[in-house]
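See below for the structure under consideration.
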Amino acid sequence: MILVIGGAASGKHAYVQGLGYTEAQMWDASSIADGRVEPLWGADPAEGFPVLLNLHALVFADPEGAPQFYEALLAKEVITCDEVGAGVIPATRTERDAREATGRLCNRLAAAAESVVRMSAGIPVVIKGK
Amino acid sequence: MKILLTGGSANGKSTYAEQLATSFAPPLYYLATMRPYGEESAARIERHKGMRAEKGFETVECDTGIGSFKPKKAATVLLECLCNLTANEMFDDEGKADEAAEGRILEGIGALEARCANLIVVTNDVGGGVNEQYNEGTRLYVETLGRLNAALAARFDVVCELVCGIPLVLKGKGLL
């Protein structure tokens, strides 16, 4: 699994396209917040899709439940996630919990990932693997 | 050796800091700066205490005035974290900011540096995002912590940013 992280609009999606994946192979968790899709709250939130975009949106939708998808997430080929831990600590408990849960899940995924790529202004910086 | 660890929240800074500290010879001190405000921070303190259990750290609660702490000779001190210490030194109970805090903190850390063999300081990268969205006190805090981070990074031997639990060495690559 390749974990692609970075700030909002830092070029993660374009990077995944550059790896050769089509839109039909990507399940976008940010569509949960938009109300466009319901997550598949089974064993795998994105069953049938090799790519999961915007993991943070899945965690923000359910900070306690999302980490339970760890095994299913490991089986994905590519996961992208916003780096949400920067900036001042949020004022609300819900946001703080979701931010912590996102960071902790990413730490576990990064430890198991073959490769971790951090996008910075559209430039992929490989911080683990090759 | 003086080491500064930075990065966003929940990026594995504490875990890595303890791993580095325990690689040095004892005595090991853990300077805890967090004030328990309510159940959430109490839970966080307990979690961090649990992580340190059996690792040989002596925990010293020190929410302000860290310059007065006198460790035993040749000690390794882990200060966690500069962000809490800065808030504690800066704001009174009414939330009024004291601009002299920055100088006091730098002095205190300087005193610690002179007294221990190894100092590891955990901080946080809070300068991302739109700073203008915050009130004056918070803006001042973000700027103060940013300047403190830069001042320590300039004189410390090693600076790492933690990203997803991965240490990215920004300074002093050959020393770790």
Side-chain angles (χ1 to χ4, degrees), chain A residues 1-10 12 55-56 59-60 63 66-67 70 73 79-121 124-130, chain B residues 5-16 19 34 37-44 47-48 51 81 83-84 86-87 90-91 95 122-146 149 160-170:
Chain A
M1 185 265 292
I2 302 172
L3 179 64
V4 184
I5 55 157
S10 58
K12 298 183 291 296
L55 175 66
H56 61 281
V59 182
F60 273 66
Y70 175 70
L73 293 170
I79 295 171
T80 77
C81 186
D82 276 11
E83 279 188 76
V84 293
V88 175
I89 294 172
T92 68
R93 173 81 193 252
T94 316
E95 265 185 281
R96 286 196 293 273
D97 286 349
R99 204 169 82 131
E100 289 275 330
T102 304
R104 301 209 181 286
L105 181 56
C106 278
N107 293 350
R108 291 167 68 202
L109 291 171
E114 288 149 45
S115 167
V116 180
V117 178
R118 184 194 211 190
M119 299 305 295
S120 192
V125 182
V126 180
I127 62 173
K128 179 184 177 183
K130 56 170 181 132
Chain B
L5 302 179
T6 186
S9 290
N11 268 296
K13 297 190 294 292
S14 301
T15 307
Y16 188 60
Q19 195 182 312
M34 183 179 271
Y37 289 115
E39 125 197 34
E40 188 183 349
S41 58
R44 174 179 275 266
R47 197 174 66 80
H48 282 176
M51 284 164 69
C81 63
C83 19
N84 282 323
T86 302
M90 270 187 86
F91 299 109
V122 175
T123 186
N124 204 314
D125 199 359
V126 295
V130 183
N131 203 20
E132 285 69 25
Q133 70 183 303
Y134 304 120
N135 64 29
E136 196 189 339
T138 306
R139 286 204 301 273
L140 189 64
Y141 170 78
V142 169
E143 286 159 12
T144 303
L145 187 53
N149 286 345
C160 289
E161 180 186 9
L162 272 288
V163 180
C164 289
I166 300 166
L168 307 180
V169 186
L170 308 179

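For clarity, every value in this text was computed on a predicted model and none was experimentally measured. Each chain gets a letter, A, B and so on, in the order the sequences are listed, and its residues count up from 1. Any value given below was found using the heavy atoms of this structure, including those in side chains, with hydrogens, waters and symmetry copies removed.
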Top contributor to chain B contacts, counting heavy-atom pairs under 4.5 Å, from A/Gly87, A/Gly103, A/Gly7: A/Gly87

Below 4.5 Å from any heavy atom of chain B, which atoms of [X] appear? Answer side chain, backbone, both or neither.
| X | result |
| --- | --- |
| A/Ile5 | side chain |
| A/Val116 | side chain |
| A/Arg108 | neither |

Does any backbone or side-chain atom of [X] lie under 4.5 Å from a heavy atom of chain A? Answer side chain, backbone, both or neither.
| X | result |
| --- | --- |
| B/Gln133 | neither |
| B/Tyr134 | side chain |
| B/Thr138 | side chain |
| B/Val142 | side chain |

Close side-chain approach of B/Leu168 to A/Arg118, heavy-atom, < 4.5 Å: yes

Contact summary for B/Cys164 and A/Leu3, nearest pair of heavy atoms: SG-CD2, 4.2 Å

A/Arg99, A/Arg104, A/Glu100, A/Glu83 screened by side chain to side chain donor-acceptor pair (under 3.5 Å) with B/Ser9, the one that passes: A/Arg99

